[in-house]
Amino acid sequence: SSAAGEYPITVSYTPSDNYKVTLVNGTYFVVQDMTDVVVTAAGYTGIYDGAAHGISVQVTDTDGKETTDATVYYSESELTDANYGSGSSVSPTLTDVGTKTVYYYVAVENGEPRKGNKDIVINKKEVRVSANNAEIVYGNEAIHDGVVYSGFVGGDSADTLQLNPTITIDYQKYEDVGRYSITPSLEDTDNYTFTEISGELEVTKRPVNFIWMRNSFVYDGTTKAPTA
């Protein structure tokens with residue numbers, strides 16, 4: 001059997017005394033049997049990365065070779081034999097977290113059309129929010145030194161997202177010297193989920209100076225001692 005393609009048809013004849021014959025050669029077309037065309041469609045599932053993602057549709061013959069005898073159309077609404085021409089040659093995309101269904105229609109020369117749909121699924125990106133450590137002297141009010149973020153993508157930042165974390169410190173003024181947790185808290189945004197990592201507030205000893213209020217005393221029978 002011959003491969004798909006064009007083949008010349010050459011005409012010949014036996015001369016005749018009564019006729020003038022003009023020869024017109026032709027072309028014989030062998031077309032691919034598209035009843036066995038293979039359509040491979042793939043959706044997309046991933047973590048938010050700030051980029052646009054779509055589905056992919058590949059059309060091959062039974063040998064795995066890509067064929068040009070089919071056209072793929074994409075749409076966010078279902079494509080049918082009546083409306084597939086309204087579809088696009090490129091897949092609709094999704095950038096932000098969510099799910100989008102994309103429909104495809106494969107118009108096949110000399111074969112039945114193929115159609116279906118695949119989903120684009122984008123999940124939230126994790127960002128770590130770490131409280132910075134801080135230090136105070138016993139008797140002072142609790143303080144914190146803010147937080148640092150790790151994991152933003154696509155030009156996002158705490159400033160562009162206008163984040164304002166809540167900071168909780170499990171220390172009250174005049175509690176004992178020691179280490180106390182500093183815990184940040186943030187609500188998830190559209191594209192991010194936050195993992196909070198606590199820092200430490202270290203409460204150190206307060207220095208105490210002893211001084212004599214007087215350098216000399218008149219004997220009165222009482223004990224004298226420095227005051228703080």
Side-chain angles (χ1 to χ4, degrees), residues 40-58 72-79 86-105 115-207:
T40 305
Y44 175 84
T45 298
I47 302 298
Y48 171 75
D49 60 4
H53 299 276
I55 73 167
S56 64
V57 178
Q58 185 179 31
V72 182
Y73 299 88
Y74 302 88
S75 176
E76 293 183 33
S77 56
E78 187 173 4
L79 294 173
S86 64
S88 171
S89 60
V90 295
S91 170
T93 60
L94 182 64
T95 300
D96 294 324
V97 168
T99 300
K100 177 182 286 188
T101 299
V102 177
Y103 296 86
Y104 64 88
Y105 184 103
K115 55 187 176 180
N117 62 79
K118 290 292 180 180
D119 288 336
I120 308 168
V121 180
I122 297 180
N123 298 308
K124 289 188 177 187
K125 173 80 166 60
E126 179 190 14
V127 169
R128 294 164 65 90
V129 186
S130 302
N132 292 314
N133 295 332
E135 181 179 322
I136 62 170
V137 173
Y138 170 79
N140 288 353
E141 296 285 350
I143 63 171
H144 66 83
D145 193 25
V147 299
V148 293
Y149 300 89
S150 175
F152 287 122
V153 294
D156 291 334
S157 68
D159 290 337
T160 61
L161 298 174
Q162 299 182 337
L163 300 179
N164 185 26
T166 298
I167 305 294
T168 302
I169 305 174
D170 69 345
Y171 168 80
Q172 298 294 325
K173 187 175 181 179
Y174 298 122
E175 287 194 76
D176 292 338
V177 167
R179 296 179 182 273
Y180 298 83
S181 63
I182 304 173
T183 305
S185 178
L186 267 176
E187 294 291 332
D188 287 357
T189 63
D190 290 342
N191 294 320
Y192 294 100
T193 182
F194 297 100
T195 298
E196 295 91 355
I197 300 173
S198 296
E200 284 189 340
L201 173 66
E202 182 178 4
V203 181
T204 61
K205 294 181 179 181
R206 176 175 290 277

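All heavy atoms count here, side chains included; hydrogens, waters and symmetry mates do not. Just so we're clear, the structure is a prediction, and the values are computed from it rather than from any experiment.
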Colleague: Below 4.5 Å, heavy atoms only, C-beta onward: do P184 and Y149 meet side chain to side chain?
Modeller: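 Contact flag for P184/Y149 side chains = no.
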Colleague: Taking C-beta and beyond as the side chain, do E78 and Y103 meet within less than 4.5 Å on heavy atoms?
Modeller: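 They are in side-chain contact.
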Colleague: To the nearest 0.5 Å, how far apart are OH in Y74 and OG in S56?
Modeller: 6.5 Å
Colleague: With rounding to the nearest 0.5 Å, note down the distance linking CG in L186 to CZ in F194.
Modeller: 5.0 Å
Colleague: Once you round to the nearest 0.5 Å, how far does OH of Y104 lie from NZ of K118?
Modeller: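 These two atoms lie 6.0 Å from each other.
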Colleague: Does the side chain of Y105 reach to within under 4.5 Å of the side chain of V72, using non-hydrogen atoms?
Modeller: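 No - every pair of side-chain heavy atoms lies 4.5 Å or more apart.
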Colleague: For the residue pair L161 and F152, what are the closest heavy atoms and their distance?
Modeller: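 Shortest heavy-atom contact: CD1-CE2, 3.6 Å.
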Colleague: Can you name the residues that form a side-chain hydrogen bond (donor to acceptor under 3.5 Å, both in side chains) with S77, not counting sequence neighbours?
Modeller: S75
Colleague: Work out which heavy atom in A142 is nearest to a heavy atom in I136; give both atom names and the distance.
Modeller: CA-CD1, 4.2 Å
Colleague: On a heavy-atom basis, which atom in S86 and which in L79 lie closest, and how many Å separate them?
Modeller: OG-CD2, 4.3 Å
Colleague: Which heavy atom in S91 sits nearest to a heavy atom in I55, and how many Å separate them?
Modeller: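 Distance-wise, the nearest heavy atoms are OG-N, 3.0 Å.
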Colleague: Determine the minimum heavy-atom distance between I143 and I182, stating which atoms define it.
Modeller: O-CD1, 4.2 Å
Colleague: Quick check for you: to the nearest 0.5 Å, what is the distance between I120 atom CD1 and K100 atom NZ?
Modeller: 6.0 Å
Colleague: What pairs of residues pass the side-chain hydrogen bond (donor to acceptor under 3.5 Å, both in side chains) test when at least one of them lies in residues 119-137, not counting sequence neighbours?
Modeller: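 Checked against side-chain hydrogen bond (donor to acceptor under 3.5 Å, both in side chains) - neighbours excluded - the pairs reaching residues 119-137 are T101-D119, E126-T195.
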Colleague: Scan for side-chain hydrogen bond (donor to acceptor under 3.5 Å, both in side chains) pairs involving residues 179-192, sequence neighbours excluded, and state none if there are none.
Modeller: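 side-chain hydrogen bond (donor to acceptor under 3.5 Å, both in side chains) check on residues 179-192 returns D96-N191, D156-Y192, D170-S181, R179-E200, T183-S198, D188-T193.
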Colleague: Look at the side chain of E175 and the backbone N and O of Q172, then say whether any donor-acceptor pair between them is shorter than 3.5 Å.
Modeller: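 Yes; judged by distance alone, with no hydrogens or angles, the pair exists.
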Colleague: Going by heavy atoms in the side chains, are T95 and I122 under 4.5 Å from each other?
Modeller: no
Colleague: Nearest heavy-atom pair of A51 and D49: which atoms, and what distance?
Modeller: N-OD1, 2.9 Å
Colleague: For residues Y44 and V121, determine if any side-chain heavy atom of one lies less than 4.5 Å from a side-chain heavy atom of the other.
Modeller: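 Not touching, per the 4.5 Å side-chain cut-off.
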Colleague: Distance check, rounded to the nearest 0.5 Å: L201 atom CG versus I167 atom CD1?
Modeller: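 The CG atom of L201 sits 12.0 Å away from the CD1 atom of I167.
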